[in-house]
Protein chains: 2
Amino acid sequence: MPEEAEKTYTRADEAFDCIQTSIVKGELAPGEKIGELELCTRFNLTRGPLREALGRLESRGLLVRRPHAGVKVVSVSASELVELYRIREVMEGLAARQAAERMTDSEIADLQATLDAHEQMIDEAQGQAYYQAEGDYDFHHRIATGSRNTKLAQMLLGDLYYMVRMYRYRLSTSAGRPHRALGEHRRIVEAIAQRDGELAEFLMKRHINAARRNIEKQIQDGVLTI
Amino acid sequence: MPEEAEKTYTRADEAFDCIQTSIVKGELAPGEKIGELELCTRFNLTRGPLREALGRLESRGLLVRRPHAGVKVVSVSASELVELYRIREVMEGLAARQAAERMTDSEIADLQATLDAHEQMIDEAQGQAYYQAEGDYDFHHRIATGSRNTKLAQMLLGDLYYMVRMYRYRLSTSAGRPHRALGEHRRIVEAIAQRDGELAEFLMKRHINAARRNIEKQIQDGVLTI
DNA sequence: ACGTTTTGGATTGTTGACAATATAAGGCTT
DNA sequence: AAGCCTTATATTGTCAACAATCCAAAACGT
């Protein structure tokens, strides 16, 4: 047999995943105060593992906790969301540069293939923001892991993306943006394929910059109220 | 009365702080396997709060945990340490730029004052690496918080610095480096005082780059074996 | 009627006992 | 003698009861 990376899952892991996805999907709204007992009944577990999971979620910044007072889902202000994109800009810029230096040829080929798939998704699911977002997430995910920088990938995938995705669900991507974003993705992968790390970094930073400006515009227009 | 931000500390918070500092100070060596009972007796607490603290520490990447097998302190390889500095380069570059835009005049004055204090420390405690490291930490800490970017500060202060400090204790700063580092700090603060964000970013990136090269040299020379 | 204090309820923090699992030692087979 | 399997121990994961704390509603005084 090739490889059995089967990790035994504990109840706390389970709780962590469940609550995290619930927050990201918006089933637990930002700012909402949640009781431990309520969570226990909802996810079928006892308070021991739950509290361990809450500790992890707090440390990741998805929850805020006041002793004896309870837990509530973190609510990110509009300005804080913009700040998140400023961080993404520099970190993913680095990830793109290191990915250009370190991704294998087959990984790059895979990446190009997924871009084709994304294009189809955009054409088919015309305006289905959800699938566009998933495709975008997939792209950035691959670059992060492709950087071969363990901590960088961990910070991007484990911290930033979850917070960004919390708001992806309510962000209306403006009309032409998906196609333009795909084009930007293509150029980034081209730079990576040519092993031009400097260019990949530049293009990735500009790509996220554009996304940030798009959000700032929505905030100004009052479309996005947080 | 002005403001009472007195937070009630729970046993789990206590455990978290204790274990974290123990790891950073090297009292718990990297790679060391530690039992829960041992930790309980050492820090005088029971397993409930302890496990919550362990969850937080794992999520921050200071521990690795295998179900039913135990916890062990994370051990960062030499190459991973270098990668950490690559992340610091871009993130602290951003922090410096935003600090230049957002720090108050009095904060900047304070920062300049601390640099004077650092200079004295370096002169007095000739070669006392510990105090140099603390001064250096203080400088970077102030810039991170001065950026007014909550998440950025959280990631730098809560994640990266602890991992870097784990190794600061065993890194021998090369002969002339403290003075040169102080000079670099001075120029960064100058740029911030002039509200030149672009320059501050550039200088900060170069500063951390130099620190990284210093470490790489130590690794090559075999001084630092991880 | 409004603000302050007090008390009750509910929720969180903590504890110790119980169940499940991995590591390690010992015996068996080849 | 070496390798595999079995078993025993110790450690971790889980649970349910107890204690401490905060929040809100009611009672009191002004």
Side-chain angles (χ1 to χ4, degrees), chain A residues 1 3-20 22-23 27-75, chain B residues 1 3-20 22-23 27-75:
Chain A
M1 55 204 93
E3 201 170 321
E4 285 213 51
E6 61 175 294
K7 212 199 162 197
T8 61
Y9 270 89
T10 170
R11 302 295 272 270
D13 292 325
E14 217 179 303
F16 180 76
D17 288 339
C18 285
I19 299 174
Q20 181 166 244
S22 284
I23 292 175
E27 291 162 20
L28 293 171
E32 184 179 346
K33 182 184 169 291
I34 45 185
E36 293 187 358
L37 281 168
E38 193 191 326
L39 288 174
C40 287
T41 57
R42 193 193 262 210
F43 297 111
N44 253 51
L45 34 88
T46 52
R47 287 184 59 215
L50 177 81
R51 285 181 63 80
E52 200 183 315
L54 291 181
R56 287 197 239 174
L57 287 164
E58 185 197 16
S59 151
R60 292 216 174 171
L62 285 172
L63 296 177
V64 307
R65 227 171 162 186
R66 245 190 23 217
H68 299 282
V71 242
K72 70 176 208 272
V73 182
V74 77
S75 78
Chain B
M1 58 205 89
E3 202 170 324
E4 285 212 50
E6 59 175 294
K7 214 200 162 197
T8 60
Y9 269 89
T10 171
R11 304 295 273 267
D13 292 325
E14 218 179 304
F16 180 76
D17 288 339
C18 285
I19 299 174
Q20 180 165 246
S22 284
I23 292 174
E27 290 162 20
L28 294 171
E32 185 179 346
K33 181 183 169 291
I34 46 186
E36 293 187 358
L37 282 168
E38 192 190 327
L39 288 174
C40 287
T41 57
R42 194 194 263 212
F43 297 111
N44 252 52
L45 34 89
T46 54
R47 286 183 58 216
L50 177 81
R51 286 181 61 81
E52 198 184 317
L54 290 181
R56 287 198 239 174
L57 287 164
E58 185 196 17
S59 150
R60 293 217 173 169
L62 284 172
L63 296 177
V64 307
R65 229 171 158 185
R66 246 187 25 215
H68 297 282
V71 230
K72 70 176 208 264
V73 181
V74 76
S75 78

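In what follows, every chain begins at residue 1, and chains take the letters A, B, ... in the order their sequences are listed.
- Arg51(B) has its CZ atom 6 Å from the C1' atom of dT12(D), to the nearest Å.
- Residues Val74(A) and Ile23(A) are not in side-chain contact: their nearest non-hydrogen atoms beyond the backbone lie 4.5 Å or more apart.
- Within residues 31-43 of chain A, no residue is approached by DNA chain D to less than 4.0 Å at the level of any non-hydrogen atom.
- Rounded to whole Å, the distance from CG on Leu45(A) to C1' on dA16(D) is 14 Å.
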Contacts table for residues 38-45 of chain B: side-chain donor-acceptor under 3.5 angstrom, sequence neighbours left out:
residue: Thr41(B); atom: OG1; partner: Leu37(B); partner atom: O; Å: 3.4
residue: Thr41(B); atom: OG1; partner: Glu38(B); partner atom: O; Å: 2.8

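- Under the rule for a side chain to side chain donor-acceptor pair (under 3.5 Å), Thr46(A) has no partner lying at least two apart in sequence or in another chain.
- Note: CZ (Arg47(B)) to P (dG13(D)) measures 8 Å, nearest angstrom.
- Scored by the side chain to side chain contact (heavy atoms under 4.5 Å, CB included) test, Arg51(B) finds Glu52(A), Glu36(B), Arg47(B), Arg65(B) as partners (sequence neighbours excluded).
- How far CG of Leu28(A) is from CD of Gln20(A): 12.0 Å, rounded to the nearest 0.5 Å.
- In this structure, the side chains of Leu62(B) and Ile19(B) stay at 4.5 Å or more apart for every pair of heavy atoms.
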Just the table, please: protein N/O against nucleotides 19-25 of chain D N/O, every pair under 3.5 Å.
residue: dC23(D); atom: OP1; partner: Arg66(A); partner atom: NH2; Å: 2.6

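- Atom CD of Glu52(B) and atom C1' of dT12(D) are 17 Å apart (whole Å).
- The side chain to side chain donor-acceptor pair (under 3.5 Å) search around Ser59(B) returns Ser59(A), Arg60(A), not counting sequence neighbours.
- Ion pairing between Asp17(A) and Arg56(A) fails under the 4.0 Å rule for side-chain N and carboxylate O.
- Once rounded to the nearest 0.5 Å, the distance linking NZ of Lys72(A) with CG of Leu63(A) reads 10.5 Å.
- Along DNA chain C, the stretch of nucleotides lying under 4.0 Å from any heavy atom of chain A spans, 5' to 3', dT12(C) to dA22(C).
- Distance check: Thr8(B) OG1 to Arg66(A) CZ gives 9.0 Å after rounding to the nearest 0.5 Å.
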